[in-house]
S.K.: 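I have a structure I would like to understand better, so I am pasting it below and will then ask my questions one at a time.
Both backbone and side-chain heavy atoms feed into the values below; hydrogens, waters and symmetry mates do not.
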Amino acid sequence: MASTIGHSVTKEFFHLARLIGQLIQVQKYAADKKGLDLATDIAIAEQIQIYSCEFRIKQIVSNLLSNAIKYTSKGTVSISVRISESNGHPALQVRVEVTGTGISKDQQKYIFRQYYRIRENSRATGFGLGLYISKLLAEQIDGKITVRSTPGRGSTFSLQVRLAKDGIKIDHSGPKSISYIPKDIRMVIIEDNKINSFYMSQLNEGFGNVRVFLNSDAVDFTLANPVDLILTDLHMPGPDGWDALRMVRKEREFLPVLALTSENRDSFYTGREDTEDRFDRVLSKPLVSTELVEAVLSCRQSRAAGLTKGWKRVKNPRVEKFGSSLYDGISQQPAK
């Protein structure tokens, strides 16, 4: 049912990653004070804007985080943020996970009721008014909150907010520096030239999950570890960039693979028209950081939307039904 809690709902475009980052910084002190680990997985680039009520989302996420920290005695509180596709629309997904005693299925039925608290040995060990208010606030912005819990292991509280089909855009008001790439991105770079490899390492300094390889060991690493994106040189002794693409596509079909080449990009596929596998983007040497940023951000958003695989439509009936216009506001070709 509708609620009149708090301010009226005003929607506008805002930077989601900045908001989440601010909320995490506010809650970090409380987590540190209790000796809790506050783990974050924010897969939203800094310049991505969404059209929703910033104030409501701030209230809800703040409630979820503060309650999670308040009622967790030891262990880890984790927050993950994604934009995914749900029923033909982009959707904001926020998950807050806590370790602890968990919540039984019977208690989960009442968890969002006003003033309801889980009690164990006459002590309040669960969420109270905060979840009830958060549920009402979520409904005001076309959202919902759900809980999944396993007694003895912990709980996950999930916020999903439905966005308009044109409710996501990239803010082009400023230069796209390396800082726009999420710091936790897991990227593999394959470059056999040691000078170029050193340049890549320096360019991505500060990104703890970026690995630079001189040879085909990169493919073995990619297939054995979680990786978000690959950037590969084309011409290398032994397996080259095309070989790496084929091997990765065979095992990790939807993993974005970018090519780095000194060839003319307009004639890049000349003589390879029958090649089934295509790179998601083709970048020119010498690599320009702004071009890398645009390509990485575009591939991450296209992957989250489930729309593309190497410039080809993914065979997904739900996605095919709505076509590429679903995320037209996100995908951009790299600057030339």
Side-chain angles (χ1 to χ4, degrees), residues 3 5-7 14-44 46 50 52-82 92-104 107-108 110-138 140-141 143-161 179 182-184 206 208-209:
S3 170
I5 289 179
H7 299 74
F14 67 93
H15 291 88
L16 177 62
R18 295 180 191 176
L19 173 64
I20 299 297
Q22 292 167 1
L23 296 179
I24 291 172
Q25 285 299 113
V26 169
Q27 299 296 335
K28 190 176 186 305
Y29 172 78
D32 290 344
K33 191 175 181 180
K34 294 187 66 174
L36 302 174
D37 291 327
L38 182 55
T40 63
D41 181 14
I42 315 302
I44 307 293
E46 185 177 343
I50 67 170
S52 187
C53 181
E54 180 178 10
F55 184 71
R56 285 287 181 261
I57 292 176
K58 179 179 180 179
Q59 287 179 301
I60 298 167
V61 177
S62 180
N63 277 345
L64 293 178
L65 273 177
S66 63
N67 276 293
I69 293 170
K70 180 179 180 180
Y71 292 106
T72 301
S73 58
K74 62 180 180 179
T76 302
V77 173
S78 305
I79 177 172
S80 64
V81 183
R82 298 282 189 278
L92 168 63
Q93 304 274 357
V94 180
R95 292 183 179 178
V96 176
E97 300 183 36
V98 297
T99 56
T101 57
I103 306 168
S104 69
Q107 292 172 322
Q108 290 177 38
Y110 307 104
I111 196 72
F112 294 104
R113 288 189 178 182
Q114 190 174 12
Y115 303 124
Y116 181 80
R117 287 181 180 271
I118 297 174
R119 291 186 176 273
E120 183 177 310
N121 297 327
S122 300
R123 294 180 58 192
T125 60
F127 296 81
L129 190 60
L131 273 182
Y132 169 74
I133 294 176
S134 296
K135 177 179 179 291
L136 297 181
L137 296 178
Q140 291 182 342
I141 55 174
K144 63 180 180 180
I145 297 179
T146 58
V147 60
R148 186 180 73 250
S149 183
T150 302
R153 297 185 61 181
S155 307
T156 300
F157 294 89
S158 299
L159 166 68
Q160 178 174 299
V161 179
S179 64
K183 289 293 184 181
D184 61 345
N209 296 320

S.K.: Is any side-chain heavy atom of V161 closer than 4.5 Å to one of S52?
M.R.: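 Yes. Closest side-chain heavy atoms under 4.5 Å.
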S.K.: A side-chain contact here means heavy atoms from C-beta on lying under 4.5 Å apart; do L131 and N67 qualify?
M.R.: no
S.K.: Working to the nearest 0.5 angstrom, can you tell me the gap between I79 CD1 and E97 CD?
M.R.: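 Interatomic distance, I79 CD1 to E97 CD, rounded to 0.5 Å: 10.5 Å.
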S.K.: Below 4.5 Å, heavy atoms only, C-beta onward: do E54 and L19 meet side chain to side chain?
M.R.: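 E54 reaches L19 side chain to side chain.
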S.K.: Given side chains that start at C-beta, do those of S134 and F157 come closer than 4.5 Å, heavy atoms only?
M.R.: no
S.K.: Not counting sequence neighbours, which residues clear side chain to side chain contact (heavy atoms under 4.5 Å, CB included) with A31? List them please.
M.R.: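 Checked A31 against side chain to side chain contact (heavy atoms under 4.5 Å, CB included); matches are L36, L38, I69.
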S.K.: Who are the salt bridge (charged side-chain N to carboxylate O under 4.0 Å, His left out) partners of D37, not counting sequence neighbours?
M.R.: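 Checked D37 against salt bridge (charged side-chain N to carboxylate O under 4.0 Å, His left out); zero matches.
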S.K.: Are L92 and I57 side-chain neighbours, meaning at least one heavy-atom pair lies under 4.5 Å?
M.R.: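 In short, these two side chains touch, coming nearer than 4.5 Å.
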S.K.: Are the side chains of L64 and S62 in contact, using a 4.5 Å heavy-atom criterion?
M.R.: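 Side-chain contact under 4.5 Å: no.
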S.K.: Contact between I50 and F14 at the side-chain level, heavy atoms closer than 4.5 Å - yes or no?
M.R.: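 Yes, close enough: below the 4.5 Å cut-off.
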S.K.: Are any of the side-chain heavy atoms of V94 and I60 separated by less than 4.5 Å?
M.R.: no
S.K.: Looking only at non-hydrogen atoms, find the nearest pair between S158 and R95 and report the distance.
M.R.: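 For S158 versus R95, the nearest heavy atoms are OG-CG, 3.5 Å.
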S.K.: Can you tell me if S66 uses its side chain to pair, donor with acceptor, with the backbone of N63 under 3.5 Å?
M.R.: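 Yes.
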S.K.: For the pair R82 (side chain) and D41 (backbone), establish whether a donor and an acceptor sit closer than 3.5 Å, ignoring hydrogens and angles.
M.R.: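 Answer holds: yes.
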S.K.: Can you name the residues that form a side chain to side chain contact (heavy atoms under 4.5 Å, CB included) with S73, not counting sequence neighbours?
M.R.: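 Once residues adjacent in sequence are excluded, S73 has no partner under the side chain to side chain contact (heavy atoms under 4.5 Å, CB included) criterion.
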S.K.: Check whether any side-chain N or O of K34 sits under 3.5 Å from a backbone N or O of T72 as a donor-acceptor pair, and report yes or no.
M.R.: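 The answer is yes, because a donor-acceptor pair under 3.5 Å joins these two groups.
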S.K.: Partners of K28 by salt bridge (charged side-chain N to carboxylate O under 4.0 Å, His left out), sequence neighbours excluded?
M.R.: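 By the salt bridge (charged side-chain N to carboxylate O under 4.0 Å, His left out) rule, K28 matches D32.
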S.K.: Between NZ of K183 and CG of N209, what distance do you get to the nearest 0.5 Å?
M.R.: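 Answer for the NZ-CG pair, K183 versus N209, is 11.5 Å.
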S.K.: Could you tell me the separation between the CD1 atom of I20 and the OG1 atom of T40, rounded to the nearest 0.5 Å?
M.R.: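 Here the rounded value is 11.0 Å.
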S.K.: side-chain hydrogen bond (donor to acceptor under 3.5 Å, both in side chains) with Q93: which residues, sequence neighbours excluded?
M.R.: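 For Q93 the side-chain hydrogen bond (donor to acceptor under 3.5 Å, both in side chains) partners, ignoring immediate neighbours, are S84, Q160.
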S.K.: Considering residues at least two apart in sequence or located in another chain, which fulfil the side-chain hydrogen bond (donor to acceptor under 3.5 Å, both in side chains) criterion with K58?
M.R.: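 For K58 there are no side-chain hydrogen bond (donor to acceptor under 3.5 Å, both in side chains) partners, ignoring immediate neighbours.
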S.K.: Once you round to the nearest 0.5 Å, how far does OG of S155 lie from CZ of R148?
M.R.: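 S155 OG to R148 CZ: 9.5 Å, rounded to 0.5 Å.
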S.K.: Would you say the side-chain atoms of T99 pair up with the backbone N or O of G154, donor to acceptor, closer than 3.5 Å?
M.R.: no
S.K.: Nearest 0.5 angstrom please: L137 CG to R56 CZ, how far?
M.R.: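 Reported to 0.5 Å precision, the distance equals 5.0 Å.
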S.K.: Kindly determine whether V81 and L16 satisfy side-chain contact (heavy atoms from CB on, under 4.5 Å), including the steps that lead there.
M.R.: CA-CA 9 Å; V81 183; L16 177 62; 4.1 Å; yes
S.K.: Measuring from Q22:CD to Q27:CD, what's the distance to the nearest 0.5 Å?
M.R.: 12.5 Å
